[in-house]
Structures are given as C-alpha cells and as structure tokens.
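Let me begin by presenting the structure, written as structure tokens, before commenting on it.
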Amino acid sequence: MADLAVSLAKTVVEGAVTRALSAIEEEAALRESTQNDLVSITGEFQMMQSFLNVADEERVSNGVVRTWVRQVRDLAYNVEDGIEYVIHLDKTPDWYCRCLPSFLRPPDLPLNKAVAEIKQLKARVEEVSLRNMRYNLISDSGSKPAAQPPQLVIPGGGGGSVVEAATYEMVFQARDTTKMKRAGLGDLTKLLVTKKHGDDLGVISLWAAGGNLDTTPIIREAYGEPEICASFGCRGWAKLTHPFNPQEFQRSLLIQFQTNSCLQNVPSGGDADVLQRSRSDILRRLETAAQGELVQKFVEKMEQERYLVVLENVSSMMDWDTVRAYLPDGKNGSWIIVSTQQPQIARLCVGDPCHALELKQHSVQHSVCVFFREVSQGGVGGNGTSPVDKDRHNNGYALYANIPTSKTNANKWIDRFPLVGVRMAQMEDLRSYLTKACVNGFPVISVWGIAGVGKSALVRNLYYNIMHDKGNKTFPKLSWVDVLHPFNLTNIAWSLLSEFESNPPQQDGTTNSPQPDGTNNTNQDGSNNSPQQDGTSNSPQDAINNSPQRDGTKYSSQQDRISNPIHVCRQFMDQDRCLVVIDGLQTTEEWDLIRHSLVSKCSKSIIVVITTDATVAMHCANQEEAMYNVKSLEDNEAYDLFSTEVGKLAELSPLKDCKDTELRTLISKCGGLPKVIVAIADFLAPMTVSWMNSAVNMSNTFMHDLKTKAEFDDLRGLFGWMDSYFRNCPDYLKPCILYLSIFPQGQSIRRRRLVRRWIAEGYCRDTYDGSAEENGEKFFLMLLDLSIIQQTPESVVTTADTRMILCQVNNFFREYIISRRKDEDLVFELEGRCILNTQRTGRHLVLKESWDRDKIVFDSIDFSRLRSLTVFGKWKPFFISKNMAVLRVLDLENASGVTYEYLEKMLRLLPRLKFLSLRGLKDICHLPSSFVVLRQLQTLDVRGTSIVTLPPSITKLSKLQYIRAGTTVKELLPIPCAHLTWLPFPRRACPVGGVEVPPGIEKLTALHTLGVVNVTLSGGMPILKELKKLTQLHKLSVTGVSQKNSKEFWSAISEHVHLESLSVWLSTGSEHCLDDMSLPQQKAAEDKAKKKTQHKAQQMYQERHLENLRSLKLYGLAGEVPSWIKYLPKLKKLDLDMTISGKADISKALGEMEELLILRLHVNLRQGADITLSQEGEPYVELGFHVMMYKVQKRCYLNVKILEIALKSDLNVPLKVSFGSEAMQSLELLTASCSSEFAILKFCDLKNLSEKKLKEVRYLGSLDDTLKEDMENQLREHPRKPSLKLE
C-alpha cells in the first residue's frame, strides 16, 4: 500500500502548491504578512513534492517514512482548504468595522480569521519539516541516482545488464506469491522432493534478480541435503562452455554420477582407502573409454536411474535446446536445475504455466527467485487436489496452460471446454475478422480486453477450430507464442520457428508429440532426435534445417537459423500464409520491434495480437476495423457459465440451477470475468450442505479470500496484472479510480456527474495541455479503455465514436478498489445497522439506502475533514452538520424526501460547496436565498426538479461552469409550486420544460454547460444577446425558439466556436422557423456547385460556423429537415423530433453526411400525412432511407452505426420504413419503438442493411405475430442473421 499512499500524497500536495501559487498571484488585497506566510508554505510543499516525486519503493516501505507521507498528505488537504477560504473571501472592505469600539466590533472579521488560519497552517508545515530533519527521513533524497527508464531487451543490444521495470515486476510478483503461500514453500529442497517415480522430468530455474548475485550457495545447500542424496542416485553439476562440447559434458556427468554413487553406498565408518581406490578406478575407465562406449553408458545411466542435474551458465535458449537433447525423460521423477542471470531464459526453460517464488531477499530489488511448473509437479502446492481438479486446472478456463500443438490434444481441449452462449457468437465474429483481414489485406488483428476476461480462451478456441478443420487451406501453418517479460525478440522468433516446424499440418490429423521442454523427438522423415551412438544428435535446429519449402528448396542454412532466427522466421511468414498468435503484448515498443523485424509488406501471414491495453491494440492494428474488444459477461451470462462449470464438476450439485440471491450477488461481484467465475465454481461445486454459508461468507470477504486462499492460486496472474497497473498507472489517475467506490454495486452513473465531481474534488485540474473539463474526459476514457468502468447493460454496445452517457463500475474492480482504499481513510460508508465506532472516518461519506438512519451513530463521526457527501435513499435533516465546513460535494441525485425547508438550512452551513446536485427532487420548487453564499460553486444540477426560474443572485456566482435545470416535455410539473405564488401561473407551470434565467447571465463567463433555458420567458431578445457573449459554452439547451426570435437565436449561437452539443425545442406553430437559416460553409458549397469563381467560394468557406458541433437535437420539426444540418462538418449524433403531416423526405438532407454515427428519429404521424396504397390495397406512410441519382441508388448514411426510430401516431396506418441497397452499410444496431395505440412500424428490405456489421434489431413495445414473423423472415435472409430482441 506504500505506493498508493505516495501517489495520493503527491496528488494532494500538487493541489496545495497550485492553490498557494494562485493565491500569491491573484490576491493583492491580502495582507503582506499573509502573503509571506503563503510563500513560505509554498516553498516547503515544493520540497516535499520533490521528495515524493523521487521516493522509491525501498524508502517508502519504511514505516516511519510512510507515516510522515500520510502526515504530509493530511496537511496538504488542510492547507488547500485554508487557502481557498482566503482567496474566496468577500472583497467588500471591512475598514469601517475596525473603526468601531472593541465592544461593538464583530469578534471574528473574515480577514482576521483567514490570517490567523494561515499562520496556524504555516506553523504546522514548519513542524512537519522539522520532524523530517529530526528523523532524517529525506536528507539523502538528492544523492540517489535517478532510476533507469524501463528498457527492452533487444537482440544483440546487451540489455541483459539493465535492471528493467519488468524485472522489478517479476520480483514483486514472486514476493507476493511467497507471502500468500504457506510457510516453507520457498524452500528449494521441498520443491525437489515433491516428485515421485513415474512423474515426468521436471525443470526448475533459479534467477538472481537485480545484480550479480550468486545462486550457487542456495543450490549447493539443497544439492547436499541427505534427503536429496537419498532420493537421486545420479547427481551431477555442469557449467556450460562455449562452444558446447557434448563429449566432455557426458564424461563430466558420468564421473559425478559414479563418484556420488560410491559415496552414497559406503557405510558410515567405511574404509577411506577403499573409497579412494574405487573413485580412481572409475576415473581411469571413463578417461580411456571410447566415444561410443561412453555414450552408451551415459544413456543407460540416464534412462535407468533417477537423476538430478544442475546446469550453470545457461545464457540463451540455444544453450538450453542443445543441452536438453542429452537429458532424456525416463518418467522416473528426475529434475534439472537451471541457473541463469536472465529471467526470460529462466521462464522459457520451465515453460508455461510458470510460477515464481522468492527463495532469498537481499534487498527490495535484489532477490533469488525460483521458477517451476506447479501443475505438472503434483503436490507442490500442497493442496491435495484430485485428478479431476488437476486436469481441470491444467487445461481449463481458470489457468491457461501451454498451447497443445497436436490436433488430437486440441480436439480434447475443445471437447472438454467448449464455448457456450455469447462466447460462441463472439468466436464467429472473430472468425469474420480473420476473413476480412485476408480479403482486405489487414496484416494484424488486435484482440484486447482486461485480464481474466477470456481473450486467450476465445482466440484459442478459434485457433484449435482452424487447426481441426480438414478443409482449412487458408492457413497451412499456425503458431502461437506467449510473450514473456522482460521482452526478448530472439526468444519469440525461436518459439515461432519451433511451432512452425515441429508440428506441420498432416493429412491424418496427427502431429509429432512435443517433449516437456517444447522440442520434438521425431523429425518429418521419422528419424529420432535422441542422442546417436556417435555422440551427435538430431537437435531442433536440425529439424528446422531439414524443412523444405513447397518448391523443394530449403529456407536457409543451419548456421543462418542458429545465428539469425528472426530472419528465418520472417521468411516463413513471407512465403507461407501463416496464422500467428502473439499473446501478452504489453507496450507499443514491443510491437514496433516485432513489426520491424518479422512483418514485411509482402507478408502473406495474419498476426493476431492479444493484449490488455487498448492503446497497444490500436497501435498494432492501426485501424478500428481490425480491433476486437472482448467484454466481460453480463450477469445472466455469468450465471450461465457458473452453472455450466458446476455441472461439469458435480452433476447433482444443488448449485447447478440455484436461484439464491446471495449466490447471484457473489457471482455478480466477479465482474463478468470468466476466469474468476470458474475459480469460484471450482471452489463451491464439491460442497453439498455447506455451500450456502461458504457463499455468504465469501461474498462478505470476497477480495480477501481470492487473494489469500490457496484454492484461488490460479488468479495470481490476474491480481498481478491489477497490482502492476495500480503501481504503474499515473498518480493523477489513482484518486479517480479510488473515488469510483462511492457508487454502489450495479449503480448507473452519468458520465457528466462523475467528471464534474472529479473536478470539484480537485482530481482534474487545468493544465498547460487542457482544461479541467478536457482532462476529466480524458481520465474517463482511460478508465473506459481499461474496462474499470463499462457501459450499462441496457446501453447500446457499438463501436460508435460518441461520448457515453451512462456507465457503471465493473463489480470485480469495485471490490478490488474497496480492498485498496481501506488504509487511506478516503471513502467510508454507513449501511445496514451500524454500531458506534470511533475509527469510522474519511474524506468521502456515502449513506447507503440500507442504513437505518441512526442519529447517534451519525453524530459520533468527525466531519471536520469531510469533502463529499453522497446520499442514497431517505433524507433526514440531521445529515448536514455545522462541522462540515470544508464540504465540497453534496450529491442528492439518488436521495428522496428533500424539501425546500431542508435545502435552505443546509446551504447556510456549506459555504465551500463546489458541486450541488438536486437532480430529480420534485419537491424542490425554488432555490433559497442562502444560495448566494455558495461563492465557490462550480456545478449546479437541478434537472428534473420543479424549479422553473433561477434566482437573480445566481449571477454573483462567478465560478459557475455547469448549470443543468428544467425538464423535458415528458417531465412536466405535476403540481403548481407553493413557493412561487408571486409568479404568473404560466411561468409556474411552463409547458415547454425550460427555466427562466435572470438578466446578467452574461457575467458567468466561465459557463461550459447551460440548459434548459426558456428564451421566451427569460426576456426574449435581451437574453439571446447575453447568450451570444458566453463564448466558452460547449453545451447549450434552449426551448421557446419561435418565428419571432429565431433569427436572433441563430445569430446568438452560430458563431460559438467551442459549442459541441446543442438542443433546441421549437415552439408550437414555429416548426419551420429554422428551415431558412444558413451557414457560411453552406453558401460556399452552393456557390461552388453553381460554378461561381473558385476564389470567392474558397474565401467564403474559410468562415465556418458551428464547426465543432458533435451533437444536435431538434424537437418540433414538421416534415422537412433543415438543409444546413448536412453542412455541419463534425456532427456525429443527431436527434430529430418531427411531425409528418405530408410527404416526408429526410435522406436529401441527411443521406450524404459522412461523419454521422447515431441517428434518432421521433416521428409523429398526423392527419394529412401522405398515404400510399400497396399492391394489395393496404394504406401506409413511407419513410425511406435511400438516395437516388439518375435513377441509380447512391451510397448513403455511410457511417451510421445506430438507428433508432420511435413512432407516435394518431392514424391507424402503419409507417413503412424501407432501406435502399446502398444505405446504412455500417449499421450495427436498429431500434424501433411505438408509444401510442395506433402506432405501427413496418420494416422492409432489412436484408439490405450492413452485411458485415449488423448485430441486433430491437423492438420496444407490442408487436403482433404477423409483423414479428415478417421481421424474423427478413433477418433470416440477412447474411449475418442478426437476432430480433423484443422488449
């Protein structure tokens, strides 16, 4: 947790420094002494900030330093609050108060109070600095050399001496694993004695991390243990030489075997002279033995007896492959111990799945680690797993084992672990990506998603499916490589070559059987790779060298393959169409090395890259069409997977079809990650009576159990990835992640709500590169790419490039975040029935709906440091305390029972609020007079309340950036508001859903978002002139636009260069008031079309209005779409509400819009609509999506991915929606809905829609059987056969 403490401290200290510098620059009215104090405070914090920036893991792991870091963080919070209080003081002079006699003078003038607070804070800062000097915490911070940046190991680059960031990661993971294991497991001797006669040959690698440490003492200690000597009749130690001499290698081992055997067989107290003579005889015979005799003795010894061989100085995979050919597997539980200085060699020698333990720690970054394959060495984990469990964990979903390279093994794997439900459909989607890559010449496909989501399993099923397909002629060669870290390109090339050559496709479906080290004993001609009588061997390199091309020539010489495997691998990929899977790519630099070395322009091969990073996926694929995102399972799919896995392990298990709520809650906490779901299924399946208690207990201690229980060791890789990300992710992002735990499990969160809260908390600040708003959006996208936050299940899932409205926190990540936040005093909750607890504290309080509202418990909490209060459920008056002096965020969006009286009292006590949300509280009809004290308020959200007018005092809140008010037409006020009796009735019950804003709104120059403003009630023309002056607006919503004010409205908004979202409600009778408006770019395009002078057209086109508009909503149109819409260059999302009372033609204006991604149409059919009769004489109104040119259909709606059509009708006539053969070729989702008794939607030509991308058609509302059958028949004719979903 030290890394998290430092990250949070760095973020808070940075905020304190920023606020202090701002105070010095902006507040000339402060007294000179206070300015000097702020300068001193700033200097001290800048030094603390410098220390935190260079603090390394070793230093912060010190308990004293960690305590000091926490003190710095808490002090930084207080300093930031104090400075904000000072710089936001009322600027009204108070000199007249100072002239009064002391008995009449106010006791606490604001400026005096501020000065006193700053002096107190200065004293505390100085004390913290003195404490550092007293304990000598950071005195040597400047003497340590800067850490080397992470580096890749490039072939021939000498990178082996660099201690890379990835190397540190391996050490940390080994250390964490050792802590989770039971005592004594980090003992080499205990690892060696786990094998029994009949077990496969095992390999253990020892790696000295972080320098030139020696592994010899650790190996020698185990090598000489009596238990080891008794278990292994043949023990030998070899230090590899270059070049390798097989004769000397065999002779040396034989001598040691014979000598150790003599020593072991001599009884205690035996004659030393006899022992010496025996050893001399052995040496003399071996020295004079012929080469053939020596080889025969060596082979017999190795095959007949159990051996332990130690190999030192293994520096490359070529060393390992060569030596390994001379060490046969006698199936007698023998061991090979490899000693190396390179972690990638250590892991490759052992093979996957590879586990690591720390044997000895010399320092934080210097350790000796051991790598071993637990699954093939039964009993190492000491779990007592059954053969069924071993089989499951060796090959199952929970633990990804080595890729079986034979078709027989692949078939067994597919039969044992078939994909079900949505995953099968996803595999077919992935197959179509491969087909598209072959047709369109995409060399790379990226498959990405979070760890544990099932990316590798999905690709593996497709890989095996292709391998098993006898008719497969597309990919004659397949190869799969797992990228080990630190990255080494040469090892990747060797792995690919081994796959290409060791298991070529054969007609009978069989392949050569690989040995435990990954090599094969059998060549294509049937010869054996075992050592020959002359001491030579058919090594893996020989097998590669003997491989012919299709034309009978060889790819290259053996020397080329040994010296330059990368070049040979590239030859394979150029000359054959290979399917190559690269699993575990972590950085763009790794891909650049692979692409530069292995991928050429003339390559016929397809590479599938599997990664957890969306940025890496895009970098590899270089285009969205070649990226496939594997999402976590939804709750129902997760439960189906759980039931399936339980049924495989225990057919009669009561869990198989259980509908228990607690069980479903537990499965929901898995976050839809198949790896976690299967691990829990494995854990619970054997239970019959105790499963209920186990499920409930595990749900309560979910993350702790997964991290500590031996039954979940298979999840260590997932937690390693999560720990690594938290350790390495930017410091500014960590508080944003921890903040997500405020929202309950499964809670839908608006994106804007989350980003605005981050800004209020100071997690998103203005920087040189962007505003706080832009940075907040960037942080949101980063968490979205990581799948920490996801779209809600009811949201539309497409690849449309638009901003998400609703999201929710992945439940598994939420549980992980909660486990990380506990030591940071950040978020605390009140839920259920709470008891008094003095340790209940934090900066963010969440009142859950389940909490029993106990006032005694609430009053016992210290709120002096509280920065945010979020309420779910029933509101109580005592929720606001006078001790909440520094509260910044009050979020009541999910509360109920808040009234005007409560609001007036609470705002008086919260002068430092920056975020206030009353969204959806219908009982709030007016903002109280105390609202004016909120001088620091940045965000005001009163959307969906009964407020119809904003008070004049709002213009004094100069910090306001975000105002959301009013209701939509569907949310009309249910009752007149008693507090607004002074208003005319039309204003108290505004029929158009907007609010009246006061004159002077132009003073709020920082406004980013404003809406919904009723321009008719707000003064008409004057308010429009004020809106024109708000040049920083990015989002604007207005209602009441009519024929009278439409030109002024257009003039007010058309030149807003930052405007990205615009929503407009037209008044009744003014349906066409915007039809005649135009844009400069529109005029230029029309002039150019009329063949006017090119110079004039270009000159006019330089002026572009609304050029950044991305989202447009127009409500109240009639029949026609304004022509200027198609000239908005960046418009991606369009919502149109239109009444059809004549002939409807929308394609003329919208069909050619190239950037449009989402189109939503709300159609109202009225009397007078253009009714057509079908050939059968049935009437209908037609809405067509097609564009004709010279009687030929033209491509239109090129990039529309989502089409939604909602119908409301007064006519008992269907709306017939037809699609041209060239329309909507990128559509992914079609949604239809009917909201009135007579509304009938009928679709034609659905088969024409997007042959490659259409995923689903949704129909909301009643659908009679005839229309349903017709739609299903049309979808069956579609190439992708998308599903019809009724809701």
Side-chain angles (χ1 to χ4, degrees), residues 1 4-16 18-19 45 52 66-67 69-85 121 124 731-744 753-754 756-765 776 779 809 814 817-831 834 837-848 851 857-872 879-892 909-917 936 938-939:
M1 299 301 295
L4 187 57
V6 172
S7 299
L8 294 177
K10 288 165 68 174
T11 303
V12 180
V13 168
E14 180 184 351
T18 302
R19 298 306 302 164
F45 269 112
L52 294 173
R66 191 160 59 248
T67 299
V69 167
R70 293 181 188 277
Q71 291 175 352
V72 169
R73 182 197 64 193
D74 293 340
L75 180 57
Y77 275 121
N78 295 337
V79 168
E80 187 178 359
D81 290 332
I83 293 174
E84 284 198 340
Y85 174 71
L121 288 172
R124 289 183 59 192
D731 292 322
Y732 55 76
L733 201 57
K734 289 178 182 176
C736 295
I737 294 175
L738 293 177
Y739 199 71
L740 295 174
S741 61
I742 284 175
F743 300 99
R753 177 187 187 184
L754 183 60
R756 292 307 307 178
R757 286 189 60 150
W758 282 345
I759 294 172
E761 299 286 1
Y763 298 154
C764 306
R765 305 187 184 98
F779 295 171
V809 184
R814 183 179 180 277
I817 292 168
I818 291 173
S819 71
R820 294 295 301 262
R821 81 184 186 194
K822 289 181 179 178
D823 295 334
E824 298 306 317
D825 291 338
L826 197 68
V827 179
F828 67 111
E829 304 167 342
L830 293 179
E831 59 180 332
C834 299
N837 188 338
T838 58
Q839 298 302 311
R840 193 177 282 121
T841 182
R843 300 195 176 274
H844 308 290
L845 173 61
V846 182
L847 303 181
K848 294 288 192 68
W851 181 48
V857 172
F858 192 84
D859 291 342
S860 69
I861 301 173
D862 178 13
F863 296 119
S864 60
R865 301 188 302 159
L866 193 68
R867 288 198 168 198
S868 78
L869 173 62
T870 308
V871 180
F872 295 88
F879 285 176
I880 297 298
S881 166
K882 64 180 180 181
N883 296 324
M884 298 178 180
V886 297
L887 194 74
R888 294 184 176 195
V889 173
L890 179 59
D891 192 340
L892 305 180
L909 302 175
L910 306 174
R912 301 192 193 183
L913 273 185
K914 293 187 175 185
F915 177 100
L916 174 62
S917 177
Q936 299 184 39
Q938 298 173 344
T939 299

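Quick note: residue numbers are just sequence positions, from 1. All values below come from the heavy atoms of this structure, side chains included, with hydrogens, waters and symmetry mates left out.
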How long is the straight-line distance from CD1 of I880 back to CG of L869, given to the nearest 0.5 Å?
5.5 Å

What distance do L887 atom CG and L916 atom CG have between them, rounded to the nearest 0.5 Å?
10.0 Å

Please round to the nearest 0.5 Å and tell me the distance separating atom CZ of F743 and atom CZ of R814.
10.5 Å

side-chain contact (heavy atoms from CB on, under 4.5 Å) between V827 and I818, worked out:
CA-CA 9 Å; V827 179; I818 291 173; over 6 Å; no

Between H844 and Y739, how do the two ring planes meet: parallel, tilted or perpendicular, split at 30° and 60°?
perpendicular

Check C764 against G776 and note the closest heavy-atom contact, atom names and distance.
SG-CA, 3.5 Å

pair L845-L830: side-chain heavy atoms closer than 4.5 Å
yes

Can you tell if the side chain of M884 reaches within under 4.5 Å of the side chain of L910, non-hydrogen atoms only?
yes

Kindly compute the distance separating CG (L733) from CZ (F779), expressed to the nearest 0.5 Å.
6.5 Å

Over all heavy atoms of both residues, which pair between L909 and S881 is shortest? Give the atoms and the distance, please.
CD1-C, 4.3 Å

Interatomic spacing from OG1 in T870 to CD1 in I742 - rounded to 0.5 Å
5.0 Å

Got a second to check how far Y763's OH is from I737's CD1, nearest 0.5 Å?
12.0 Å

If we only count heavy atoms from C-beta on, is the I861 to L866 side-chain gap below 4.5 Å?
no

Only one of V846, I817, V809 passes side-chain contact (heavy atoms from CB on, under 4.5 Å) with S741; say which it is.
I817

Checking side-chain polar atoms at under 3.5 Å, does R756 have a donor or acceptor matched by the opposite partner on S917?
no

Check the pair F872, L847 against side-chain contact (heavy atoms from CB on, under 4.5 Å), reporting the backbone distance first and the verdict last.
CA-CA 6 Å; F872 295 88; L847 303 181; over 6 Å; no

So which atom in V889 and which in E761 form the shortest heavy-atom distance, rounded to 0.1 Å?
CG2-OE2, 3.4 Å

For this output row, return yes or no: ring centroids of F858 and F863 closer than 6.0 angstrom.
yes

Scanning both residues in full, the closest heavy-atom pair of R753 with D891 reads NE-OD2, 2.8 Å

How close do K914 and A760 get, heavy atom to heavy atom, and via which atoms?
CD-O, 3.5 Å

